[in-house]
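Some notes on the structure that comes next.
One is the number of the first residue; the rest follow in order along the sequence. Everything numeric in this text was worked out from a predicted model, so none of it was measured.
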Amino acid sequence: MAIIETKNLTIIFDMPNNTRITVLEDISFTLEEGEFVAILGPSGAGKSTLLRAIAGLITPTHGEVLYRGKLVEGVNPGISMVFQSAALFPWLTVLENVELGLKAKGLPPKERREKAIKMIDLIGLDGFESAYPKELSGGMRQRVGFARALVVEPEVLLMDEPFSGLDILTAENLRNDLLDLWIEHKIPTKSILLITHSIEEAVYLADRVIILDRNPGRIKQEIYIDLPHWRDRDDEAFLRLVDRIYGIMMGKPLVPKTVRPERYVTPLPHVRVGAIAGFIELLSDLVDTKVDIYKVAEDLQMDVADIQPVIEAAELLKFIDTTGGDITITEEGRIFAEADVLEKKQIFKKLLLEHVPFIQQILQVLNSKSNHRMPVEFFIELLETKFSESEAHNQIEIAIDWGRYAELFAYDEDSKEIYLEEEVVES
């Protein structure tokens, strides 16, 4: 039976400059009783927005969210949320933080104290009831966040990257403790929905993975995970699933037929030039022909979530090709890896001009000005017709980093202007 259902869910944000951004479009899926579902997707895919719409914190522009078949209007009564940050009240003890939800429900002091203490014990915080958040480690604070969410006995637990802010060992410990509570039915929660950037985490925890595309966020594919718990990350079937999902996520972005191609903007991955160059050089040493993406992450000792934007940037610039979860270095990539510093700049410049339209647009604007200068705010406003305000700032920051490295243009921090230096002004 479906506990949560979204029907043609579309969310459009009105921006300050009288433009509108479609964050999610036509999202339809169900969360069944007994399911642990993970949602994957690149930055800008609207994963957190989807979670907040399900929670009833955001009203859909079109479509609807149903809980037990009834339209969600206002805060969804059957859910609790765990965020990336525990967001505890620093002036309250662990016990008082965990009691908050029960207090809001009107439970008498004795009953809510008993329930809170029981959940604190269950989540592994016995002995810390009287401690304040400042006395706890990051992992312990996140456990308090879990206890606070679970103590109200929600039917659905929503989690927005709850392990991403923790170190590897702490995250793994908390992840396994949560999985134990879920598998052994030690909590009354009937379904869990997890937002994550980590493919490996999704395959390790979930029964089903929903992959979102971006600009706007749409469901790209759903993958069912039929491996029994507990799952071995070194098992061949596990690695095949990780590889398959990598291949889907690394596929070329689709330009929907309803969007005019000239208005489609490929977002720049949030990766600086140094990371791209270092990745290509290391990859050149590791790879002769074709290599599995998962193996590359392992060899480079990088987290799978961290390596994805670097791969996206390298592929955008045609340093590599990715097909079916494998990486192949292009001829340009090989030449770049072996080039000296000045040659690298020239290669990067050539590939920027060939494959990054936004860089071309910046140059066109600068060349059209008599003084070859333009306030950065002009480009941010252009970007805000396609992206949110924060993402527009991220995009121009990356564009400036890439353009400066290639010596295509410069940036004056004092005047907040992008400008052409004399030697690059077109005659």
Side-chain angles (χ1 to χ4, degrees), residues 246 250 252 266-323 326-367 372-374 376 379 394-414 417-427:
Y246 256 124
M250 293 298 176
K252 304 296 187 295
T266 301
L268 304 182
H270 298 181
V271 182
R272 293 189 176 273
V273 173
I276 300 170
F279 175 72
I280 297 302
E281 290 169 10
L282 287 169
L283 198 61
S284 179
D285 292 336
L286 291 172
V287 179
D288 290 327
T289 53
K290 184 171 66 174
V291 67
D292 184 275
I293 291 172
Y294 187 78
K295 179 69 164 55
V296 171
E298 184 180 88
D299 287 345
L300 296 180
Q301 298 184 355
M302 294 178 68
D303 185 80
V304 291
D306 294 334
I307 201 173
Q308 182 180 328
V310 187
I311 292 173
E312 289 178 352
E315 186 168 30
L316 174 64
L317 294 165
K318 308 303 179 186
F319 286 129
I320 63 171
D321 287 324
T322 61
T323 305
D326 293 322
I327 293 179
T328 304
I329 300 182
T330 63
E331 183 63 25
E332 291 279 20
R334 290 277 183 202
I335 294 170
F336 181 84
E338 296 169 7
D340 63 28
V341 174
L342 294 179
E343 289 171 337
K344 276 184 167 63
K345 284 177 172 286
Q346 289 302 311
I347 295 168
F348 200 86
K349 175 180 179 179
K350 172 179 175 289
L351 296 180
L352 275 187
L353 293 173
E354 289 177 356
H355 304 299
V356 184
F358 182 50
I359 296 292
Q360 299 166 16
Q361 186 178 17
I362 291 175
L363 289 172
Q364 288 171 1
V365 170
L366 296 178
N367 273 300
H372 306 296
R373 303 177 74 96
M374 181 62 74
V376 71
F379 297 105
N394 288 334
Q395 290 291 304
I396 195 65
E397 184 178 325
I398 294 301
I400 289 172
D401 180 66
W402 291 11
R404 285 170 117 177
Y405 175 80
E407 299 182 7
L408 286 168
F409 47 76
Y411 176 63
D412 186 333
E413 176 63 33
D414 294 329
E417 290 179 317
I418 299 174
Y419 65 96
L420 294 181
E421 295 179 302
E422 279 191 30
E423 58 268 26
V424 296
V425 174
E426 288 183 0
S427 55

Verify the distance criterion only: is there a donor paired with an acceptor across the side chains of Q364 and Q360 at less than 3.5 Å?
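No pair is found: no donor N or O on one side chain lies under 3.5 Å from an acceptor on the other.
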Applying salt bridge (charged side-chain N to carboxylate O under 4.0 Å, His left out) to E338 and R334, what does each step give before you reach the verdict?
CA-CA 6 Å; E338 296 169 7; R334 290 277 183 202; 5.7 Å; no
Say you draw a straight line from [atom1] of [X] to [atom2] of [Y]; how long is it, rounded to the nearest 0.5 Å?
X: H355; Y: L316; atom1: NE2; atom2: CG; result: 8.5 Å
X: R272; Y: I400; atom1: CZ; atom2: CD1; result: 9.5 Å
X: I276; Y: I311; atom1: CD1; atom2: CD1; result: 12.0 Å
X: L268; Y: I396; atom1: CG; atom2: CD1; result: 9.0 Å
X: L317; Y: T330; atom1: CG; atom2: OG1; result: 10.0 Å
X: I329; Y: I335; atom1: CD1; atom2: CD1; result: 12.0 Å

Measure the shortest side-chain to side-chain distance between [X] and [Y] over non-hydrogen atoms and say whether it is less than 4.5 angstrom.
X: E417; Y: Y411; result: no
X: F336; Y: K344; result: yes
X: F379; Y: V365; result: yes
X: K318; Y: E331; result: no
X: K349; Y: L408; result: yes
X: V356; Y: L351; result: no
X: D321; Y: I327; result: no
X: L363; Y: L353; result: yes

Checking Y405 against F348 for the ring pair (Phe, Tyr, Trp, His ring centres under 6.0 Å) test, could you report, in this order, the C-alpha distance in whole Å, the side-chain angles of both residues, the deciding distance, and whether it holds?
CA-CA 8 Å; Y405 175 80; F348 200 86; 5.2 Å; yes
